[in-house]
Structures are given as structure tokens and as C-alpha cells.
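Single-structure report; data block below.
Order of listing sets the numbers, starting from 1, for every ligand and every atom in it.
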Amino acid sequence: MTLAAASLVDRFGRTISYLRLSVTDRCDLRCRYCMSEAMTFLPRSEVLTIEEMGTIADAFIARGVRKIRLTGGEPLVRSGFDTLARHIGRHVAARRLDELTVTTNGTRLADHAQPLVDAGVRRINVSLDTRDPDRFRHITRTGDLGKVLGGIAAAKAAGLAVKINMVALKGLNEDEIPAMVEWCGGEGFDLTLIETMPLGVVDEDRTDRYLPLDGVRRALEKRFTLEDDAHRTGGPARYVRVAETGGRLGLITPLTHNFCEGCNRMRVTVEGRLYMCLGHDDRVDLKQALREGGRAALDAAIDDALRMKPARHHFEIAGRGAAPAVARHMSVTGG
Ligand code: SAM
């Protein structure tokens, strides 16, 4: 077997089978825990073209990646998104890839649900931190809840399995978590709760919003019967089944529980930087490799990254006013 065709096993024996590809750093919302109000976005000349993203996806699939998630920023605002989804979807049809998925804020889902299905997408994650219109506008600074709920309904009608992602925010939406569990159960959607992570400078202090999910789980257990569920999607969530609704509840706890020993992921930003860990700054420049040396250089750069993948991240919400653990916003690395 040539080096270029070798599968992606890092120095800790972890096999990389999951790629998250950020297709834009831009977003039509400004969620308070994710972005500052006045974000500076990358000039278009610095971002990968849709064709380059397709080539990078091809290279990872040839190296054994079995799942790709398109994310951002808001992936559905990127022009050419449907073309890229169809390109990668062809690998699903040919069984070279198990799954193509998308994480979206849902604002443009009404128009994109059917094209996603046509491209071969079967499951999507939609971020929804509240079902209260005023709170939604407050958290997202600009958002229209009705559009997102319309998008979710369109996705369901098109046959997509929907998982709702809700960032648990102290004092902002924690009182809504039980109602979200019930709503998702009733709609047939899985729900994943996420701890807020110290990524990028935002206008607020994250210490005020950090809500450890251990406590959320204990509170939910007073109201619901949570049964352990062995379900895994290849991502970092651990799942329980809510007996009362039949729905599945995932918990992503990067702060209270480290899950790095089973990490199977790498992330490519829209600038073509390959990050081996959400919580580290080490990266490899795939755009430069591809533009200067073509596919062989791209493969060599992926090998370099594999050698650099760290054992774990070290997130903590440091004291009040402290700088974030990682300067990059989630919208840059891709959620
Ligand atoms: N625009 C898409 C969306 O809204 O789902 C995809 C990108 S967004 C950055 C992906 C996910 O990351 C969302 O569920 C968002 O709530 C979450 N997120 C953003 N910043 C975060 C942070 N600092 N801590 C935890 N989750 C965060």
C-alpha cells in the first residue's frame, strides 16, 4: 500500500473517520455565545472554492474517512453549497462514504431541504436554543424564529431525520430544557444539549452563561426517566433515552467530561486549514498544499497533520474576564 492510500491512524492509535468541513465563516445570525456583534469575515480571495472543497473531501474519502459534516458559519448561505453537497453525495451513492450530514441554523432550510435529500443527505442537525420568539431574537441578535421553525418543518416533510442542537445557557434558556425535551420527543427529533465552550472573544463573559450538564441531567431526572442508550453517531455526544417521550437525548460535555480518547475527527476551515483538535491552534495549510502541489502535496499535508494530532483538549471556562481557551470562534473552525 502506498503512503498516500494508507488510512488515517494517529500516533495514539485513533483512526480518523470523520471530517467536518466548514464551507463558510459567514452567518446570517449572531448568536451571543458564538460571535461578537461586529464580526470581521474573511475576504473571498482567501476562502476555498467549491471545487477545492470537493477535492479535499475526495482526498479524505480516499484515505478512509466515512462521514463528512458540512458546517460553518452557516453552510446554507454559501453559494455553490448544493453543488458541493451533490459532489460529496456521489460518494455516498457509491458506498465510499457512509454519511454526508449538515449542521445548520435552519433559516434557509425551507429552500434547501429537498436539494439536500436529492444530494443524498439523510440526517441534519439544526441549532435551536429556544422556541420563544423574543428569546430567539435576543440570543441570535437578529433571528426570526418563524423562519427556522418553517425550515425544520420542511426538513421533516422532505424525510430528513432532524436532530436539534441546543446550547445550554445559564439564565437564558435553562428553564426551557424540559419543554424542549418534550417538543423534540413529540416531533420525533433527537435532541442534543451542548455545554458552551470558550472559543473566540464574544461580547459577553462566558462565565455568566456556562451551565454544566451534570446538573442539567440531575434536574431532568426528577421529571423524566433517562435510560442509558448505546447509540453513537461517530460524534462526541453520549446518549440517553427519555422513557416518557421515547426520544433520544444527547449530552456534549467538553468541559465536565473530556472525550478525547475516542476522537475520530479532523476539521477543515473555509481557508483550508486542517485543525486536528477544536481546542488547539496547531494546523496544516491544505489550501497552499493543494494550490502549489496538487493532490500529492495535499496527501502529504494530511500525513503531517496526522502526526501532529494532540492527545486531548484542555478546555476550561477560566475566571471572570479571562481570555477564551482558543482564539478562533466556533464559526471559523466549524461547529
Ligand atoms: N450555523 C450552523 C448552526 O447554527 O448550526 C453551523 C455552525 S454553528 C458554529 C455549530 C454549532 O456550534 C451550533 O449548534 C452552535 O450553537 C454551536 N456553538 C457555537 N459557538 C459555541 C460555543 N462557544 N460553545 C458551544 N457551542 C457553540
Return yes or no for this condition: an N or O of [X] is under 3.5 Å from an N or O of ligand 1.
X      : value
Tyr33  : yes
Thr71  : no
Ser127 : yes

- Decide yes or no for Glu46 and Lys287: does some side-chain heavy atom of the first lie under 4.5 Å from some side-chain heavy atom of the second? yes
- Do the side chains of Pro115 and Phe81 get nearer than 4.5 Å, heavy atoms only? no
- Task: Decide whether the shortest distance between a heavy atom of Met166 and an atom of ligand 1 is less than 4.0 Å.
- Result: no
- Residue-ligand contact Gly72/ligand 1, heavy atom below 4.0 Å: yes
- Do Arg217 and Asp228 sit within salt-bridge range, that is, some charged N less than 4.0 Å from a carboxylate O? yes
- Query: Would you call Arg123-Glu99 a salt bridge at under 4.0 Å N-O?
  - Reply: yes
- Note on the structure: The answer for which part of Thr104 has a heavy atom under 4.0 Å from ligand 1 is backbone
- Note on the structure: At under 4.0 Å between heavy atoms, what of Val167 touches ligand 1? The answer is side chain
- Query: Which residue, Arg265, Arg69, Arg267, forms the side-chain hydrogen bond (donor to acceptor under 3.5 Å, both in side chains) with Tyr18?
  - Reply: Arg69
- For ligand 1, which atoms have a heavy atom of Met197 less than 4.0 angstrom away? 22 (C), 23 (N), 24 (N), 25 (C)
- Item | Sub-4.0 Å atoms of ligand 1 with respect to non-hydrogen atoms of Thr196 | 24 (N), 25 (C)
- Item | The one among Ser22, Cys34, Gly73, Cys27 that brings a heavy atom closest to atom 7 (C) of ligand 1 | Gly73
- Please report the shortest heavy-atom distance between Arg30 and Glu37, naming the atom on each side. NE-O, 3.6 Å
- Taking every non-hydrogen atom, the tightest pair across Ile164 and Cys184: CG1-SG, 3.7 Å
